[in-house]
Every structure is written in C-alpha cells, then in structure tokens.
Amino acid sequence: QVQLVESGGGVVQPGGSLRLSCAASGIIASAYKMGWYRQAPGKQRELVASITSSSWTNYADSVRGRFTISRENAKNTVYLKMNSLKPEDTAVYYCNAVRSSDGYWGQGTQVTVSS
C-alpha cells in the first residue's frame, strides 16, 4: 500500500519559517514527480512547488524565492522549506506523487500564518 504522510505544519508568525516533510512508503519518491499543493478555505487547490526524478524544480510565482522543495532519497522523503511566511500562505498543504501510470495524495497538514 502507498502512503504519503505529511508533517511539520503548525502556527507561525508572519516572517517566520517552517519545514514540511512528506514521507513516502510503498513507492520510490525519486521515480515520481513530487509536488506540494495547498488549499485555503473557499479557494482552489494550487500547485506550490514540484521536483522531478531528475531534480528539476518548479515554483508558483507567489512562493518563488521564499520556498524550496528538495528530496532526500535515503529517507524517501520530500521537503518544503518555507521562509518569510505571509498570512496568505495559510492553507492545508498536501503532498502529491505522480507518474504516467499512477498518482497519490497525502492527507494534508495545516499551516497557519498569523500574528
């Protein structure tokens, strides 16, 4: 069975930092395009950042320069380092894995940026 388990969410003040983790099991994360998505109340789910098997990265314009996606193959884990957090970053953050034949979602972790 495949599981993507997110952790690291919480409450942080504007300007603060968090690191989210996505621990994969049942798949090899490096064989998939891995992504972080977020969904705020009343809004569509949006792509935040992604990393390919060859370690190409992509970022939403709203987070480029503040967030960094990475993969640690030995731990089969993908990270999202979030710096300079803003209230508009508040959302549930979801881990995603996709390739041509299958795809998976994690359960999500809440990030709240508030003074």
Side-chain angles (χ1 to χ4, degrees):
Q1 59 273 42
V2 175
Q3 283 191 297
L4 302 175
V5 180
E6 301 98 332
S7 61
V11 180
V12 65
Q13 293 187 0
S17 297
L18 285 173
R19 188 179 74 160
L20 306 183
S21 298
C22 173
S25 59
I27 63 166
I28 302 300
S30 62
Y32 289 73
K33 183 177 182 179
M34 304 295 297
W36 285 98
Y37 291 72
R38 67 187 181 188
Q39 189 165 26
K43 297 185 67 177
Q44 301 253 38
R45 189 171 298 188
E46 64 175 348
L47 177 67
V48 176
S50 62
I51 183 167
T52 69
S53 294
S54 58
S55 296
W56 284 81
T57 58
N58 186 54
Y59 298 92
D61 289 344
S62 59
V63 309
R64 187 175 291 110
R66 299 188 296 122
F67 292 9
T68 303
I69 189 169
S70 62
R71 185 182 64 242
E72 186 172 358
N73 291 339
K75 293 185 176 180
N76 207 33
T77 296
V78 176
Y79 303 98
L80 184 68
K81 183 65 170 69
M82 304 185 293
N83 295 325
S84 302
L85 283 161
K86 304 174 180 179
E88 51 262 46
D89 296 319
T90 296
V92 178
Y93 284 71
Y94 297 91
C95 183
N96 172 259
V98 67
R99 61 180 181 179
S100 60
S101 56
D102 57 350
Y104 306 93
W105 288 98
Q107 295 298 118
T109 186
Q110 176 71 48
V111 172
T112 302
V113 185
S114 180
S115 58

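Owing to the predicted nature of the structure, the values given are computational and were not obtained by experimental measurement.
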Is there a donor-acceptor pair closer than 3.5 Å between any side-chain N or O of N58 and the backbone N or O of S50?
-> no

Contacts of S7 that satisfy side-chain contact (heavy atoms from CB on, under 4.5 Å) - sequence neighbours left out = S21

Residues 28-77 vs disulfide bond (SG atoms under 2.5 Å apart), sequence neighbours excluded, gives none

Residue list, salt bridge (charged side-chain N to carboxylate O under 4.0 Å, His left out) with E46, at least two apart or on another chain = R38

Under the side chain to side chain contact (heavy atoms under 4.5 Å, CB included) rule, what do L20 and E6 come out as? Steps first, then yes or no, please.
-> CA-CA 7 Å; L20 306 183; E6 301 98 332; over 6 Å; no

Is a side-chain donor or acceptor of S53 paired with a backbone partner of S30 at a separation under 3.5 angstrom?
-> yes

Can you tell me how far the CG atom of N83 sits from the OG1 atom of T68, to the nearest 0.5 Å?
-> 6.5 Å

Taking every non-hydrogen atom, the tightest pair across A60 and L47 | CB-O, 3.5 Å

Set of side chain to side chain donor-acceptor pair (under 3.5 Å) partners for S55, sequence neighbours left out = R71

Any pair with a residue in residues 97-115 that passes salt bridge (Lys or Arg N to Asp or Glu O under 4.0 Å), sequence neighbours left out, goes on the list, sorted by first then second residue, please.
-> R99-D102

CD1 of I69 to NZ of K81, rounded to nearest 0.5 Å, is 14.5 Å

Minimum heavy-atom separation for C95 to L4, with atom names?
-> O-CD1, 3.8 Å

Where at least one partner belongs to residues 46-87, residue pairs that pass ring pair (Phe, Tyr, Trp, His ring centres under 6.0 Å), sequence neighbours excluded = none

Pairs meeting criterion salt bridge (Lys or Arg N to Asp or Glu O under 4.0 Å) with involvement of residues 50-63, two or more places apart | D61-R64

Residue list, side-chain contact (heavy atoms from CB on, under 4.5 Å) with A23, at least two apart or on another chain = T77

Identify the two heavy atoms, one from A29 and one from V78, that lie closest to each other, and give their separation to 0.1 Å.
-> CB-CG2, 4.5 Å

Closest non-hydrogen atom pair between Q110 and A91, with its separation | NE2-O, 3.4 Å

Residues in side-chain contact (heavy atoms from CB on, under 4.5 Å) with V98, at least two apart?
-> K33, N96

Just jot down the salt bridge (charged side-chain N to carboxylate O under 4.0 Å, His left out) partners of R45, sequence neighbours excluded, or say none.
-> none

Please list all pairs passing the ring pair (Phe, Tyr, Trp, His ring centres under 6.0 Å) test where one or both residues lie in residues 80-115, with sequence neighbours left out.
-> Y37-W105

For Q44, does the CD atom sit with more than 12 other heavy atoms under 6.0 Å from it, leaving out its own atoms?
-> no

Distance, nearest 0.5 Å, that separates OG1 of T109 from CG of L18 = 9.0 Å

Between atom NZ of K86 and atom OG of S84, what is the distance when rounded to the nearest 0.5 Å?
-> 8.0 Å

Of all residues at least two apart in sequence or in a different chain, which pass the side-chain contact (heavy atoms from CB on, under 4.5 Å) check with V113?
-> V12, P14, L85, P87, D89, T90, V111

